[in-house]
Amino acid sequence: MQEAADYLAALNPSQLAAVKHDGSSLLILAGAGSGKTRVITTKIAYLIKEKHIDPYAVLAVTFTKKAANEMKERAVALEPRAEYAQIRTFHSWGAYFLRAHAEAAGISKNFTVYDDDDMVTLLGKAVPSLSRQQAALAAHKISLAKDYCCTPDSERLCTISDDPQFADIYAAYEKRLRETGNVDFGDLIMLPYLVLRDNGALRHAMHLRYRVIMVDEYQDSNVAQYLLLQQLAGVEESSGTYVCVVGDDDQSIYRFRGAEVQNILNFQNQFPGTDVIRLEMNYRSTSEILACADSVVRHNGGRLGKTLVAARGKGKLPTLVFLPTQDDETQFCAEIIAQAYQNGTPYSEWAILYRTNAQSLGFETEFLHRKIPYTIVGSLKFYEREEIKDALAWISFVANPRDEVAFRRIVNKPVRGIGAVSQDKVVAAGAGVSLLAGCRNVKLSKKAQEGIQAFCALAEEFTAMLGESVPAAGTAVAETSAADGATGNAAPEEYAAAAGNPAPAASGAKLAEFVEAVIRKSGLEEFHKSQDDVSGTQKLSNLQELVNSAVLYPCTRQGLLDFLDHIQLDRTLETEDSAAPRDSVTLITLHNTKGLEFPRVIITGMESGIFPRDDKTGGELEEERRLFYVGITRAKNELYLTSCGLRRLYGRTNFMQPSPFLAEIGAGRLRVLGQKPSSFGSERAGDEDPLARRYRKGTGIYHDDYGHGQVIGTETSPDGELVIRVSFESGGIKKFLPKYQEKSLMIED
């Protein structure tokens, strides 16, 4: 065990003040990289060793098992008696409390905790009229309701769902759940709160038990956790319990999980007499990187405010790179990483950050072809994701109706009443010929027969989109597989001319239209969208990225085979790369970077509509800005930001505008490479002419005379009026004065 002078000597003045603080409640505003874990673990040890607090009376909670284990290990290393303190996750403490007071909570002391899938299954039994997809959506909303401590009869339930049936569905689920004696994840917080709220004697016992309560990562707490903390601390009863929360309002990025930034912003009001100590010395990043982070987050109104100071001093100026297309973006990232590796920099020093998982595809493809090892954190590789496998199974089946694996994956997804026995009959009937022929010839039950006919109709419709009729059973086309049908790894149309091959006619349909139709009409889009609000959104983004990747191919059978060949090559390279050394580049979403750090960081996709999305306003936009702040502060030595002028979205190529967050960084804080867009830097955020903002480059336009088009540029007339140039799909470029012609210019969403 270290002496007090030893373990306290390592602290800076602010850290030491936080450790030694006592009396009133305390809010420790811990900036990124400021050593908050050291402070909270040292404070636990200090309270036990120096202030003689009984470790049995200390409760410290955080949000992940990993963080809780680290806190306990570090506290025990400083003071062995910290072993007897309760250092847990919020939910672990909730389970502990409920087992001790199961009768008061109305559950079995031998309860088990239902996960998301269990909730959906139980809800299906409680409300049989719900489909699996409807039950999944309702289960998600029930979990969200419990995060806000809303019971089925709560007046605030309408803020969770405006469905008039939701309260009854929730009540039916709760009744069934209580009958089982078990709990779900949300109950681990809500039930202890309700028990303590309604049981004065037990609440008083908890006040006597816990004299010190500490909460880590308080900015990630939800409403239920805040209400539980209030009951445990006995604020209204002046219990004398010492409450210390540690967090950073600038790093609150989990609103979609129920996190409520107002908990930390309002802590001083909710716990009167609170002292605030700011930890502003950053031990991770250089001053230039921190200056970028600070200049961005200062644009948020909802924050308590602090300014990080770099303990490491100056470093390299962060670099903003403007690139023509997303392909140039992936190539640029691969090139600087490869060059650095040749100069002795390990791959593991690099991390590529992006807003959504779907953006990983381009980097995966580029890195595989260049043999740059990579690791995806927090998600599967692109082609391993369920929704992508489903879509590719449909596409593969259209290419080769003998593909039994693809057939079995998608014939009953979503449910069409075609179970395993019916599938076996179809496979037997179509053996050696075509499973479509098997579908037509097999005799099944009425429900299965209707389902198989609907499946056949879809397959025939998709085949017709390729400009063909459905091939007769046994013909060569019906037996052609993606691997057999392609002649090598044919180049997509964008590169065909460069290779000396004639490109398809410019007016020809793109394969992206086919892929999008397959995803939508097959029911896969609705199926994955309805699984739940959060993962459904991510799955749809991944499916859309698959559509985008097909935009370079013609909508023909050969185009389809070339596309599948291209994917198969990438998947083969993935397999070959699976034994890659641990030295690899990290590919990771911005949300998953919380708590991590990397010597060299590249934040990609810095375009309006990508980061932030166009639909983000108010508090949601402030959270997007905090997310950018988190991304910037992951970088230790080098920071790169990339922004593209063109990006494939929704199956077509779109003009993009730089993210407004880039303009917020300010001149002089970035080294700029590439061709800077004319719109960048000419207007400060919030000062742009509203008309110019409405008709930005890339905006979709519909005109009664010319049809659909897109703004490709803006200029100013001699009279100072805004002039826009619109390229129409029907051909030709027209100029308009929106100030006078706005009635004829319909903006498309």
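Along the sequence shown, the residues carry numbers beginning at 1.
Inter-residue side-chain proximity for Glu607 and Pro658 is flagged as unmet; no heavy-atom pair is nearer than 4.5 Å. Contact of the Gln326 side chain with the Leu646 side chain is not registered, since no non-hydrogen atoms from C-beta on lie closer than 4.5 Å. Residues Ser422 and Ile452 are not in side-chain contact: their nearest non-hydrogen atoms beyond the backbone lie 4.5 Å or more apart. Counting heavy atoms from C-beta outward, Val426 and Val442 have side chains that approach closer than 4.5 Å. For the pair Glu174 and Lys146, the minimum side-chain heavy-atom distance is below 4.5 Å. Two residues are said to be in side-chain contact when any heavy atoms from C-beta on lie closer than 4.5 Å; Tyr170 and Asp168 fail this criterion. Looking at Gln359 and Thr604, their side chains come closer than 4.5 Å, going by heavy atoms from C-beta outward. The shortest distance between side-chain heavy atoms of Leu560 and Leu511 falls below 4.5 Å.
The structure places OG of Ser522 at 10.5 Å from CZ of Phe527, a figure rounded to the nearest 0.5 Å. Of the inter-residue distances, the one linking Phe185 atom CZ with Met119 atom CE reads 11.5 Å to the nearest 0.5 angstrom. The line from OG1 of Thr653 to CD of Gln710 is 9.0 Å long, rounded to the nearest 0.5 Å. For the atom pair CD of Gln134 and OG of Ser129, the computed distance is 7.5 Å after rounding to the nearest 0.5 Å. Interatomic distance, CG of Leu157 versus CG of Leu144, reported as 10.0 Å (0.5 Å rounding). In this structure, NE2 in His369 is found 11.5 Å from CD in Gln331, a value given to the nearest 0.5 Å.
Salt bridge status for Glu364 with Lys381: absent, with no side-chain N to carboxylate O gap under 4.0 Å. Ionic pairing of Arg385 and Asp390 is not present here: no N-O contact between side-chain nitrogen and carboxylate oxygen is shorter than 4.0 angstrom. Taking 4.0 Å as the cut-off between side-chain N and carboxylate O, Arg613 and Glu624 do not count as a salt-bridged pair. Using a 4.0 Å cut-off between a side-chain N of Lys or Arg and a carboxylate O of Asp or Glu, Glu366 and Arg370 qualify as a salt bridge.
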_Using side chain to side chain contact (heavy atoms under 4.5 Å, CB included), reason through Leu466 and Phe514 one step at a time and then give a plain yes or no._
CA-CA 8 Å; Leu466 300 175; Phe514 167 82; 4.0 Å; yes
*Can Glu525 and Lys529 be said to form a salt bridge (charged side-chain N to carboxylate O under 4.0 Å, His left out), step by step?*
CA-CA 6 Å; Glu525 179 180 66; Lys529 180 181 179 181; over 6 Å; no
*Given the rule in the side chain to side chain contact (heavy atoms under 4.5 Å, CB included) test, do Val515 and Tyr553 qualify, once you have shown the distances and angles that lead to the verdict?*
CA-CA 11 Å; Val515 177; Tyr553 297 82; over 6 Å; no
*With side chain to side chain contact (heavy atoms under 4.5 Å, CB included) as the test, would you mind laying out the steps for Cys555 and Lys510 before giving the verdict?*
CA-CA 5 Å; Cys555 190; Lys510 306 293 186 184; 5.9 Å; no
*Between Lys616 and Glu623, does a salt bridge (charged side-chain N to carboxylate O under 4.0 Å, His left out) hold up when you go through it step by step?*
CA-CA 9 Å; Lys616 300 295 185 181; Glu623 178 157 313; over 6 Å; no
*Verdict with reasoning, Leu353 to Thr593, per side chain to side chain contact (heavy atoms under 4.5 Å, CB included)*: CA-CA 8 Å; Leu353 282 51; Thr593 62; 3.7 Å; yes
_Let's go through Lys413 and Glu386 carefully: what are the C-alpha distance in whole Å and the side-chain angles of both, what is the deciding distance for salt bridge (charged side-chain N to carboxylate O under 4.0 Å, His left out) to 0.1 Å, and is it a yes or a no?_
CA-CA 12 Å; Lys413 192 173 188 179; Glu386 177 194 9; 2.7 Å; yes
*Apply salt bridge (charged side-chain N to carboxylate O under 4.0 Å, His left out) to Arg557 and Asp562, showing your working.*
CA-CA 9 Å; Arg557 173 164 291 275; Asp562 290 345; over 6 Å; no
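Side chains of Ser143 and Arg257: a donor-acceptor N/O pair is absent below 3.5 angstrom, by distance only. Using modelled atom types, one finds no donor on one side chain facing an acceptor on the other under 3.5 Å when comparing Asn654 with Arg647. Between the side chains of Asn542 and His528, not a single donor N or O lies within less than 3.5 Å of an accepting N or O. Donor-acceptor pairing under 3.5 Å is recorded for the side chains of Asn592 and Thr589. Judged by distance alone, the side chains of Thr642 and Glu329 do bring a donor and an acceptor atom under 3.5 Å apart. Side-chain atoms of Ser541 and Thr356 include no donor-acceptor pair closer than 3.5 Å.
The nearest pair of heavy atoms linking Cys456 to Leu436 is SG-CD2, 4.0 Å. Closest heavy-atom contact between Arg648 and Asn548: O-ND2, 3.0 Å. Of all non-hydrogen atoms in Met656 and Cys644, the two that sit nearest each other are CB-O, 3.4 Å. Between Glu516 and Gln544, the shortest heavy-atom contact is OE2-OE1, 4.2 Å. Of all the heavy atoms in Lys141 and Ile160, the pair that sits closest is O-CG2, 3.5 Å. Between Leu564 and Ala399 the shortest heavy-atom distance is CD1-CB, 3.8 Å.
With hydrogens and angles disregarded, a donor-acceptor distance shorter than 3.5 Å links the side chain of Asn412 to the backbone of Ile418. In this structure, Ser659 contributes its side chain and Phe611 its backbone to a donor-acceptor pair below 3.5 Å. Looking only at distances, a side-chain donor or acceptor of Asp115 sits under 3.5 Å from a matching main-chain atom of Asp118. Between the side chain of Gln538 and the backbone N or O of Asn357, no donor-acceptor pair lies under 3.5 Å. Thr699 contributes no side-chain N or O that, together with a main-chain N or O of Tyr695, makes up a donor-acceptor pair within less than 3.5 Å. Judged by distance alone, with hydrogens and angles left aside, the side-chain atoms of Asn400 form no donor-acceptor pair with the main-chain N or O of Ser396 at under 3.5 Å.
When each of Asp184, Asp187, Asn182 is tested with Tyr114 by the rule side-chain hydrogen bond (donor to acceptor under 3.5 Å, both in side chains), just one qualifies, namely Asn182. No option in Leu177, Leu130, Leu137 other than Leu130 meets the side chain to side chain contact (heavy atoms under 4.5 Å, CB included) test with Leu123.
Identified under the salt bridge (charged side-chain N to carboxylate O under 4.0 Å, His left out) test for residues 417-429, with sequence neighbours left out: Arg408-Asp424. Applying the ring pair (Phe, Tyr, Trp, His ring centres under 6.0 Å) definition to pairs two or more places apart or across chains, those involving residues 409-465 are Trp394-Phe455, Trp394-Phe462, Phe397-Phe455, Phe407-Phe455.
The aromatic rings of Phe363 and Tyr354 sit parallel, their planes meeting at an angle under 30°, below the 60° perpendicular limit. Ring geometry for Tyr254 against Phe256 counts as perpendicular: the plane angle is over 60°, on a 0 to 90° scale with 30° as the lower cut.
Residues satisfying the side chain to side chain donor-acceptor pair (under 3.5 Å) test with Thr325, not counting sequence neighbours, are Asp328.
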